[in-house]
Amino acid sequence: MNRPSGADERGKDTNTPAGVCPVYRKCGGCDYQGVEYKEQLQRKDKEMHKLLGGIVDTVHPIIGMKDPMHYRCKVNAVFGLDKKGYPVSGNYEKNSHRIVSVDSCMIEDEKADAIIRDIRSMLRSFRIRTYDEDSGYGFLRHVQVRKGYATGEYMVTLVCTDPVFPSKNNFVKALRKNHPEISTVILNINDKSTSMVLGERNITLYGRGFIEDELCGCRFRISPGSFYQVNPPQTQILYDTAIRYARLTGQETVMDAYCGTGTIGIIASRHAGSVYGVELNRDAVRDAIWNARRNDIKNVRFVNKDAGDYMDELSQSREEVLPDVVILDPPRTGTTQKFIDAVSRMAPERIVYVSCGPDTLARDLKLFRKKGYKALEAQPVDLFPFTEHVESVVKLTRAGL
Ligand code: SAH
């Protein structure tokens, strides 16, 4: 057989040192396999100093985890067949669409992995065919498992090509027999030739169609398509820092831009006069509105728009929504010049920038500096051990304040 040396027939490394994931070379999910956790944190500190050193007055040491294993509360598995025709599930190989079979992963929630393994073993008896990307035939494409960290609720989303799922009730029953912790099962329809995991349509097969979690004393609903941080205990530290950096006294008008399911804004609302949240994803905004009600919070409004467009409109309208504090938490690509221009027209006293992309953060902080905003301190928080990703929160004030 033509097999690379050091790999078995499923692509697993047979000569990796103990404690190192057997598929890490192929999988590409972890950049820091085999690197001690302390050393990982040191490397991240060095990187953040290099990027932010000249832009932020004080860059604090990164806050790491006590136990950095199995922290991911959201697990995606792609399904397919191996060369012998048996179902496999796992991740795409780095820079390719070949599947690396993963049974258990050091950074993923262990129960989520067990649920995925059990689904895989049920496929044959339920005559469920996995999807083949090349031919476009087959039914099951991905399984996504999400866990409410504090509630222990699990949501299973079966991403399939067709809304008709034969024997779905028996399938759900069999799955829940082994995993009573599953509180909802959703069929997501994705019939497009796309690298996006989820399609747009969801059909609830069991339960409420979402799970809940608790963070910083608030309750949050998580739907299949909504963003929610994958490492809740570290997220709590991140959000607490963001609220502290906002220095709220109970009077302020706060803008929560790129608000997702409204988490930061809802937590901030207890310390603010009023909060506005803006978010592009429709499902997330629906969750945000529900979350505000669920937490009995009345001083928050959410808007479903592009954050840059919304801020631009506000800054030019007579509506007089002039935020005292702008909190922004954009995706890895960072924010836009339009957003920064609009914010500087509104001239809030403080800006709190939550970032998952250090490079774009450095770029945007320089743009804010040109508009007169000084970055006083940055607090990196390790939300993603074993990977190179760094989340951080930065406090900016209008120069002279
Ligand atoms: N603050 C939230 C979400 C942060 S993730 C939390 O902590 O959970 C970034 C969010 O920005 C995602 O919810 C994404 O849907 C949203 N987003 C991406 N592009 C956007 C845009 N142009 N305008 C508004 N929101 C956007």
Side-chain angles (χ1 to χ4, degrees), residues 72-74 146 148-150 196-198 200 210-216 218-243 245-246 254-269 272 275-292 294-295 300-315 323 325-343 351-358 360-361 364 379 381 383-384 389-394:
R72 278 194 70 96
C73 284
K74 173 180 166 185
R146 295 176 87 169
Y149 180 82
M196 299 285 284
V197 172
L198 296 179
E200 281 179 10
F210 59 85
I211 50 169
E212 289 188 75
D213 198 13
E214 232 171 73
L215 216 51
C216 304
C218 296
R219 195 106 177 158
F220 296 106
R221 145 178 164 163
I222 308 160
S223 295
S226 301
F227 178 88
Y228 188 77
Q229 290 285 8
V230 298
N231 186 341
Q234 291 295 96
T235 301
Q236 182 135 333
I237 297 172
L238 182 81
Y239 290 170
D240 282 344
T241 311
I243 302 295
Y245 281 1
V254 177
M255 179 63 63
D256 178 13
Y258 307 90
C259 68
T261 55
T263 41
I264 300 176
I266 286 172
I267 296 163
S269 70
V275 176
Y276 292 80
V278 56
E279 161 66 44
L280 195 59
N281 180 302
R282 208 185 36 198
D283 286 358
V285 174
R286 203 194 49 210
D287 284 354
I289 293 167
W290 197 92
N291 286 335
R294 176 80 168 85
N295 291 286
V300 187
R301 275 187 54 193
F302 292 103
V303 181
N304 186 195
K305 266 198 182 148
D306 171 272
D309 288 351
Y310 180 61
M311 296 298 272
D312 191 52
E313 282 164 27
L314 272 188
S315 72
V325 181
V326 170
I327 303 175
L328 71 154
D329 184 6
R332 203 157 291 153
T333 45
T335 189
T336 58
Q337 186 70 54
K338 191 177 194 177
F339 183 93
I340 293 172
D341 288 344
V343 169
I351 298 173
V352 178
Y353 194 140
V354 182
S355 155
C356 57
T360 52
L361 172 67
D364 294 344
Q379 177 62 69
V381 182
L383 257 60
F384 310 103
H389 299 296
V390 188
E391 190 87 18
S392 50
V393 49
V394 179

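In listed order, ligands and their atoms are each counted from 1.
- Checking side-chain atoms of Asn304 against main-chain N and O of Leu280 turns up a donor-acceptor pair under 3.5 Å.
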I'd like a table of the close N/O pairs between ligand 1 and the protein (anything under 3.5 Å), one pair per line with both atom names and the distance.
{"from": "ligand 1", "atom 1": "1 (N)", "to": "Tyr258", "atom 2": "O", "distance (Å)": "3.1"}
{"from": "ligand 1", "atom 1": "1 (N)", "to": "Asp329", "atom 2": "OD2", "distance (Å)": "2.9"}
{"from": "ligand 1", "atom 1": "7 (O)", "to": "Tyr239", "atom 2": "OH", "distance (Å)": "2.5"}
{"from": "ligand 1", "atom 1": "7 (O)", "to": "Asp329", "atom 2": "OD2", "distance (Å)": "3.0"}
{"from": "ligand 1", "atom 1": "8 (O)", "to": "Tyr239", "atom 2": "OH", "distance (Å)": "3.2"}
{"from": "ligand 1", "atom 1": "8 (O)", "to": "Thr263", "atom 2": "OG1", "distance (Å)": "3.4"}
{"from": "ligand 1", "atom 1": "13 (O)", "to": "Glu279", "atom 2": "OE1", "distance (Å)": "2.8"}
{"from": "ligand 1", "atom 1": "13 (O)", "to": "Glu279", "atom 2": "OE2", "distance (Å)": "3.3"}
{"from": "ligand 1", "atom 1": "15 (O)", "to": "Glu279", "atom 2": "OE2", "distance (Å)": "2.6"}
{"from": "ligand 1", "atom 1": "22 (N)", "to": "Asp306", "atom 2": "OD2", "distance (Å)": "2.8"}
{"from": "ligand 1", "atom 1": "23 (N)", "to": "Ala307", "atom 2": "N", "distance (Å)": "2.9"}
{"from": "ligand 1", "atom 1": "25 (N)", "to": "Leu280", "atom 2": "N", "distance (Å)": "3.2"}

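- Aromatic ring orientation, Tyr258 versus Phe339: tilted (interplanar angle from 30° to 60°).
- Cation-pi geometry between Arg221 and Phe210 is met: the NZ or CZ atom falls under 6.0 Å from the ring centre, inside 45° of the normal.
- Put simply, the side chain of Ser355 gets close to the backbone of Gly357: a donor and an acceptor are under 3.5 Å apart.
- Taking the side chain to side chain donor-acceptor pair (under 3.5 Å) definition, one finds that Glu313 meets it with Lys305, sequence neighbours left out.
- A donor-acceptor contact shorter than 3.5 Å is absent between the side chain of Arg301 and the backbone of Gly277.
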